[in-house]
Amino acid sequence: MSVTVTHRGPIAVVTIDNPPVNALSLAVRTQLFALVEALDADEHVRAIVLTGGGKLFVGGADITEFGRPVELPSLPALIERIENAAKPWIAAVRGAALGGGLELALGCHRRVATAEARFALPEINLGIIPGSGGTQRLPRLIGIETAIRVAAENLTLDGTRAAELGFIDRLVQEPLVDAAEAFALEALSRPLPEPASRRPLATPAATAWEEATQRIGRAARGASAPLRALEALRFGAENGFEAGLANERAIFLELRASDESAALRYLFFAERAAPRPAGLRGIAALPLASAGVIGGGTMGVGIAAALRNAGIPVVLVERDEQSLERGLTALKAIFEAARKRASLSEEEAEARMRGVTGAVGYEALAGCDLVIEAVFEDLAVKRDVFATLGRVCRPDAILATNTSYIDPRQIAEGLPHPDRFIGLHFFSPAQVMKLLEIVPIPETRPEVLATGFELARRLGKVPVRSGICDGFIGNRILRRYRAEAEAMVRDGVAPSAIDAAMRGFGYAMGPFEMQDMAGLDISFLHREAARARGEAIAETPGDLLVRAGRKGQKSGGGWYDYAPGNRTPIPSPDAARLIAPLVGAPLELAPDRIVARLIDAMALEGQAILDEGIAGSPSDIDLVEVHGYGFPRRHGGPMFLSSRQPS
Ligand code: COA
């Protein structure tokens, strides 16, 4: 880490060099603070250019410091000192100026940036709000409405937009520091603008605040920081800069100490660590220029879409023309929907489809670097597929199964070169869900495993390595979660009470609503198969429902009833009657007790998974739950939560 000064005539250039993201760590703040003093006193210096070394300005406050008490000089104090410096400070921005980085630029008297620079206040993603004047200075420069979008709704401004809004005084080109120096020299003859803190701010009508509250509250889905950011903006607009700054800091410090922020920071670091597991350091991934997908069902099509979204050419294979046509139509519909949402242009949507070759028969896969099988969950069917792939594909092509339950070692039995075999478990819809469980078999070569992680990176997925067990990490925990929910029903708790408690906790859906949507029959068939193998699995309420034809929404009812054409669950007297033989006297449990019981069950299963070496770390398990199963991000994950409970 270093903060360096170079002198160019009357201009001092201060460069923050704190790789990887020039975070404003204590040492950086200390040096910068001392430099403001020193440069104020240096009679040769007339203006200061402040910039970041490397590709970006400043990525923000140092998040690793957030678990500890604030050490002085604090960032607000540093920014105030710069604002009150005797000489003008000019921020010169390329790349990202995020969070504390944007706030630092706000404290400068002038700002230049490249058109591609990015300005954002992403604090709400970490469960906090800007704590160094972001909610107070920014609206005084760009107006309250856009400031609300930036501070409470994650809007990123590029340099061009920031210049239009008057936040950036001049758009410049590389070399940045030369351009900033020229700007600084030129500006010497002009009077200094009012610092951001002293500029007036028009207060919007109360209705505008109400409207923003509604909009932000809806989008936040239970997270507290976005509305607190709005509160800070409003307080400052109505009570003036000084009071606004103090209030912002108080909210920041309160949230910084919250469980929610601790959970979100934990996930921030877990997500960044996931793509680079320690065991694969130094192992290069294999080339991945083309991929094949076998199976044009929902899963295969989703995987093909994910591959195309990452620019990888895809061969989609089905067993007959009709199935292939259906698969290609479904794939086209995915890109068409993206075009309608305006997340894809017409040309891009067409290009995505142009990169897909549909084929009946496996010969078209002969040149692929990777083939992912996504056919019916049946061992014999899958074995057949791989026997053919073993003959048709290059011997060095990576062959992957997307199985969710079947032991991949059995699928790979008899495959020539099993060292190129791997499980790649996607989650539906595969073009959307971020989780990718990567399941090597004992023979899998490290380079093949590394390619799985590289594929995840290219697809924008969160990779988690899983050992082999029934259901791998995610579905094994899901089974335990469902079993515990059913156990509560047997204890007399209404399914609707359990669902409501889990929705209150932050899930989009409770366990019974989810089962109704996905269908109760698949897990029923699993239990039946296990029973047929002689395993002692007691009758469950779910069994009674399926036996009575209640398989979920697809059969018009499951745990709940549904009006035709409507997916709103209605508590069902019929279902209650059917499961009554297995259910105890009605029992009312408080929502937090329901949640605690289900989270405990998940964490216990997670612990067993760790003890067996199936998962490498508690945070891997939490990433699985958050990115594959809708666990509310603001709670971190079952392992995180249970680690914070007093034992
Ligand atoms: N404080 C401390 N460490 C940080 C950090 C911060 N504000 N921002 C990023 N890092 C670390 C990451 O943990 C990662 O560390 P690792 O290499 O040990 O895993 C490293 O910097 C690189 O981050 P990564 O996100 O992988 O790099 P990137 O080039 O894809 O993205 C950023 C860079 C700055 C855009 C991105 O890291 C980011 O969004 N950071 C958070 C910004 C933020 O929320 N700031 C507000 C805090 S006030």
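This chain uses plain numbering: 1 for the first residue, then up along the sequence. Every number for a ligand or one of its atoms is a count from 1 in the order of the listing.
Distance remark: protein heavy atom not present below 4.0 angstrom from atom 27 (O) of ligand 1. In this structure, atom 7 (N) of ligand 1 has protein heavy atoms in its sub-4.0 angstrom surroundings. Put simply, atom 44 (O) of ligand 1 has protein non-hydrogen atoms near it, under 4.0 Å away. Distance check on atom 18 (O) of ligand 1: every protein heavy atom falls at or beyond the 4.0 Å cut-off. Taking a distance limit of 4.0 Å, we find that atom 48 (S) of ligand 1 is approached by some protein heavy atom. Checking atom 15 (O) of ligand 1 against the protein gives no heavy-atom contact under 4.0 Å. Of the protein's heavy atoms, at least one falls inside 4.0 Å of atom 24 (P) of ligand 1.
In terms of protein heavy-atom proximity, atom 4 (C) of ligand 1 is closest to Val21 CG2, 3.9 Å.
Between Arg118 and ligand 1, no pair of N/O atoms sits closer than 3.5 Å.
When the side chain to side chain donor-acceptor pair (under 3.5 Å) test is applied to Arg8, the partners found at least two apart in sequence or on another chain are Asp178, Glu181.
In this structure, a donor-acceptor pair under 3.5 Å is absent between the side chains of Ser2 and Thr4.
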Only distances under 3.5 Å count here; give the side-chain donor-acceptor pairs of residues 52-63 to other protein atoms, sequence neighbours excluded, each with its distance to 0.1 Å.
{"unit_1": "Asp62", "atom_1": "OD1", "unit_2": "Thr64", "atom_2": "N", "d": "2.9"}
{"unit_1": "Asp62", "atom_1": "OD1", "unit_2": "Thr64", "atom_2": "OG1", "d": "2.5"}
{"unit_1": "Asp62", "atom_1": "OD2", "unit_2": "Ser25", "atom_2": "OG", "d": "3.0"}
{"unit_1": "Asp62", "atom_1": "OD2", "unit_2": "Thr64", "atom_2": "OG1", "d": "3.3"}

